[in-house]
Amino acid sequence: MAKSRKKNKVISKNIAQERIKYLFELARNELSRDAGRSERYVSLARKIGMRHRVSIPADLKRNFCKDCGSLLIPGQNSRTRLKGGCITITCLECGGVKRYPFKSSKAK
């Protein structure tokens with residue numbers, strides 16, 4: 001009985017990861033037409049991740065604002081700057097700032 005329960009958890013986590021990726025694709029496609037619907041897709045993806053204890057992949061995690069929940073597209077509703085060893089992403093809708101460190105090629 002323990003094996004089937006473990007197998008079910010693995011299957012549900014895989015399904016949750018697929019749904020998260022799909023919802024982010026829908027959010028990206030819908031952003032130009034309806035920003036509210038795009039935010040809804042992002043919030044659904046986050047809820048699925050929390051419910052099933054699945055982390056959102058790093059490449060997708062950087063694509064939404066944790067403050068207002070909007071999908072971030074550079075040049076459209078976010079600003080990206082490189083300064084002092086950090087990537088700074090600013091949401092132009094709410095003003096939220098996210099910073100990610102990086103190592104420059106000059107240091108090597």
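Any value given below was found using the heavy atoms of this structure, including those in side chains, with hydrogens, waters and symmetry copies removed.
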* Does some side-chain heavy atom of L72 sit less than 4.5 Å from a side-chain heavy atom of C91? -> yes
* Could you tell me whether the side chain of R19 reaches within less than 4.5 Å of the side chain of H52, counting heavy atoms only? => no
* Asked: Roughly how far, to the nearest 0.5 Å, is the OG1 atom of T80 from the NZ atom of K98?
  -> 10.0 Å
* When rounded to the nearest 0.5 angstrom, what is the spacing between CD1 in I20 and OG in S55? -> 8.0 Å
* Start with the C-alpha distance between V42 and L23, add both sets of side-chain angles, then the distance that settles side chain to side chain contact (heavy atoms under 4.5 Å, CB included), and finish with yes or no. => CA-CA 7 Å; V42 171; L23 283 168; over 6 Å; no
* To do: With the side chain counted from C-beta on, respond yes when L71 and Y41 share a heavy-atom pair under 4.5 Å apart, and no when they do not.
  => no
* Asked: For C68 and E39, which heavy atoms make the closest approach, and how far apart are they?
  -> O-OE1, 4.2 Å
* To do: Group every Ile, Leu, Val, Met, Phe, Trp and Tyr by side-chain heavy-atom contacts under 4.5 Å, then state whether F24 and Y22 land in the same group.
  => yes
* Is there a donor-acceptor contact under 3.5 Å from the side chain of K66 to the main chain of K61? -> no
* Roughly how far apart are I15 CD1 and I48 CD1, rounded to 0.5 Å? -> 11.0 Å
* Please determine if R33 and E30 form a salt bridge, counting it only when a charged side-chain N lies under 4.0 Å from a carboxylate O. => yes
* Any L60 side-chain heavy atom under 4.5 Å of K21 side chain -> yes
* Atom pair OG (S70) and CD (Q76), whose distance is rounded to the nearest 0.5 Å -> 10.5 Å
* Asked: Looking at D67 and C94, what are the two nearest heavy atoms and their distance?
  -> CB-SG, 3.8 Å
* To do: Measure across R62 and I89 and return the closest heavy-atom pair with its distance rounded to 0.1 Å.
  => O-CD1, 4.3 Å
* **Spatial distance of atom CZ (F64) from atom CD1 (I73) [nearest 0.5 Å]** => 13.0 Å
